[in-house]
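These notes are about the structure you will find just below.
Numbered from 1 within each chain, the chains take letters A, B, ... in sequence-line order.
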Amino acid sequence: MLEIQQLRNDLENVSKTLAKRGFAFPVDAFNSLEAERKTIQTLTQELQARRNTVSKQIGHAKSKGEDVSSILAEIANLGDDLKQAETQLEQIQIKMQHMLLEVPNLPHESVPEGKSEEDNIEIRRWGTPRNFDFKIKDHVSVGEDLGLLDFETAVKLSGSRFNVMTGALARLHRALAQFMLDTHTQENGYTEVYVPYLINSDSLRGTGQLPKFEEDLFAVYAGGHEDKAPNFHLIPTAEVPITNMVRNEIVPLEQLPIKYVAHTPCFRSEAGSYGRDTRGLIRQHQFDKVELVHIVHPEKSYDALEQLISHAEMILQKLELPYRIMTLCTGDMGFSATKTYDIEVWLPAQSTYREISSCSNCEAFQARRMQARFRNTKGKPELLHTLNGSGLAVGRTLVAILENCQNADGSVSIPTTLRPYMGGIEKMSIL
RNA sequence: GGAGAGAUGGCCGAGUGGUCGAAGGCGCUCCCCUGCUAAGGGAGUAUGGGGUUUAUAGCCUCAUCGAGGGUUCGAAUCCCUCUCUCUCCGCCA
């Protein structure tokens with residue numbers, strides 16, 4: 001959520017900046033609502049002040065045993081007038097709140113302008129894609145030929161966009177998550193957290209998934225009461241529960257920065273994306289991710305973003321998987337971000353780089369929705385800055401290994417760093 | 001799931017219709033006093049809005065005593081709903 005003060009004082013610039021990311025701010029609607037709000041709020045407060053004064057008078061008079069009927073007569077209409085004004089004000093404020101909750105964050109000035117992913121800027125590359133001297137398979141064929149990846153059974157169990165992994169592949173999936181967690185906790189200074197996978201709507205509003213993106217979520221109803229509002233949603237990313245840990249909190253200054261890491265499943269309905277990546281593990285309704293979250297002092301958030309991306313990169317470096325870093329353009333960034341770096345890993349079967357991590361600074365956008373604050377050196381509460389990034393998406397990392405580490409005989413070599421997590425085995429082979 | 005108790009400011013804890021945004025204590029900040037230390041005296045110490053304003057300064061004002069409704073001229077106090085916490089029982093991994 002943007003600061004309403006900023007909208008009042010600097011609407012022209014705000015709306016210009018929002019236009020860069022393809023968002024048309026309803027300037028006229030805002031202005032007229034704001035004018036209405038001002039009138040009604042002033043009126044309401046005047047009536048409230050009057051009521052308070054008169055009530056005190058009555059209190060005084062009664063304690064002296066005086067007659068209060070004349071005072072009561074004088075304010076006979078006050079109650080109705082006040083109630084009417086309060087109702088009006090409330091409706092205006094609800095409208096305003098709705099409007100503001102749907103406005104995305106302002107892109108940082110360093111973010112390149114653009115309309116789509118075509119306009120993202122590559123800022124660096126690491127590693128060299130391997131030359132294969134045989135005809136390579138995509139990850140689906142590699143996994144299925146090994147007999148360890150089974151989409152047909154997943155369809156039977158749940159439907160499309162789910163998967164079943166068995167044996168060494170299931171273990172590799174688990175190994176990846178363990179390896180990522182260990183790296184971030186032991187080398188990068190993160191605190192591991194375990195969080196709920198079912199989350200309430202206040203939390204989803206806090207990080208920006210609601211109210212605008214409900215169709216991307218799965219709703220859960222206790223006892224099958226679909227007629228009511230959902231009790232929970234399944235988390236689309238651990239960013240939601242982790243970041244909301246500081247919702248409505250005032251964090252002591254000395255606890256900053258807070259760096260959390262969690263491994264969770266993520267559930268996305270991806271309602272708008274049918275037809276994209278229908279084959280394979282790239283786009284699933286359920287996938288695992290190791291998520292990194294920073295809760296930081298506002299002056300430190302851009303340094304934190306650089307750290308965050310480097311922590312995510314470290315995983316791919318240790319796995320020796322080639323990747324590139326992209327700065328997302330204004331038009332491709334997520335709702336809550338001011339600046340986002342994507343890490344894209346090399347997928348040889350697609351001869352292209354594909355997103356495997358997304359690291360964003362949200363500045364105070366989420367903190368304002370969540371009222372997540374710290375006490376500054378003057379002792380005053382001030383909004384925190386929040387950042388989140390994948391470190392990494394486990395399923396997509398698995399895809400990258402299956403494709404990049406495949407051999408001519410159909411086997412897949414286990415990256416050296418993962419072998420301790422795999423009981424020392426060096427490859428998965430066709431039996 | 002059943003029975004009961006509870007939720008007040010940074011913390012503890014008063015407060016069952018009026019001058020209560022809230023006693024008292026602790027903590028914290030500033031000042032005074034005391035030749036160190038200890039003790040003592042005084043003042044201050046919530047958050048979010050709105051108006052005014054060059055101003056995140058001041059001043060005026062509104063709201064907030066778990067959340068949301070209601071009664072009333074007036075609610076921390078009365079009524080209703082919900083959430084959460086605690087104790088006991090049952091069930092469960």
Worksheet entry | Short side-chain N/O contact to B:U29 OP1/OP2 from A:Lys380, under 4.0 Å | no
If the [atom1] atom of [N] is compared with that of [M], how far apart are they to the nearest Å?
N: B:G49; M: B:C31; atom1: P; value: 31 Å
N: B:G6; M: B:A43; atom1: P; value: 37 Å
N: B:U8; M: B:G1; atom1: P; value: 25 Å
N: B:U77; M: B:U16; atom1: P; value: 11 Å
N: B:C78; M: B:G15; atom1: C1'; value: 15 Å
N: B:G41; M: B:G25; atom1: P; value: 11 Å

Worksheet entry | Sorted by number, the residues of residues 30-50 of chain A with heavy-atom contact under 4.0 Å to RNA chain B |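 Within this stretch, A:Arg37, A:Lys38, A:Gln41, A:Gln45, A:Gln48, A:Ala49 sit under 4.0 Å of the strand.
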All N/O contacts under 3.5 Å from nucleotides 79-81 of chain B to the protein, with atom names and distances to one decimal?
none

Practice prompt. With sequence neighbours excluded, tell me which residues meet side-chain contact (heavy atoms from CB on, under 4.5 Å) with A:Thr87.
Written response: A:Lys83, A:Gln91
Worksheet entry | Pairing residues for A:Ala61 by the side-chain contact (heavy atoms from CB on, under 4.5 Å) criterion, not counting sequence neighbours |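 Once residues adjacent in sequence are excluded, the partners of A:Ala61 under the side-chain contact (heavy atoms from CB on, under 4.5 Å) criterion are A:Glu66, A:Val68.
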Discussion item. Side chain of A:Lys56 only, heavy atoms from C-beta on: which candidate in B:G21, B:G50, B:C73 is closest?
Written reply: B:G21
Practice prompt. Could you work out which one of B:A63, B:G50, B:G48 sits closest to the side chain of A:Ile4?
Written response: B:G50
Worksheet item: Touch check for A:Glu3, heavy atoms < 4.0 angstrom, all strands: base, sugar-phosphate only, or nothing?
Response: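 The residue A:Glu3 makes no contact with any strand.
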Worksheet item: When we call it a touch if two heavy atoms are under 4.0 Å apart, what does A:Arg373 touch: a base, just sugar-phosphate, or nothing?
Response: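 Contact class for A:Arg373: sugar-phosphate only.
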Please table the atom pairs, donor to acceptor, closer than 3.5 Å between any side-chain atom in residues 7-20 of chain A and protein atoms at least two apart or in another chain.
| unit_1 | atom_1 | unit_2 | atom_2 | d |
| --- | --- | --- | --- | --- |
| A:Arg8 | NE | A:Glu34 | OE2 | 2.6 |
| A:Asn9 | ND2 | A:Gln5 | O | 3.2 |
| A:Asp10 | OD1 | A:Asn13 | ND2 | 3.1 |
| A:Thr17 | OG1 | A:Asn13 | O | 2.7 |

Side chains of residues 38-57 of chain A: which donor-acceptor pairs under 3.5 Å do they make with residues two or more places apart or in other chains?
| unit_1 | atom_1 | unit_2 | atom_2 | d |
| --- | --- | --- | --- | --- |
| A:Thr39 | OG1 | A:Ala35 | O | 3.0 |
| A:Gln41 | OE1 | A:Arg37 | NE | 2.9 |
| A:Thr42 | OG1 | A:Lys38 | O | 2.7 |
| A:Thr44 | OG1 | A:Ile40 | O | 2.6 |
| A:Gln48 | NE2 | A:Glu86 | OE2 | 3.0 |
| A:Arg50 | NH2 | A:Glu74 | OE2 | 3.0 |
| A:Asn52 | ND2 | A:Gln48 | O | 3.4 |
| A:Thr53 | OG1 | A:Ala49 | O | 2.6 |
| A:Ser55 | OG | A:Arg51 | O | 3.0 |

Item to complete: On the 0 to 90° scale, with breaks at 30° and 60°, tag the A:Phe374-A:His297 ring pair as parallel, tilted or perpendicular.
Response: tilted
Item to complete: Flag the pair A:Leu172 / A:Met165 as yes when at least one side-chain heavy-atom distance between them is below 4.5 Å, and no otherwise.
Response: no
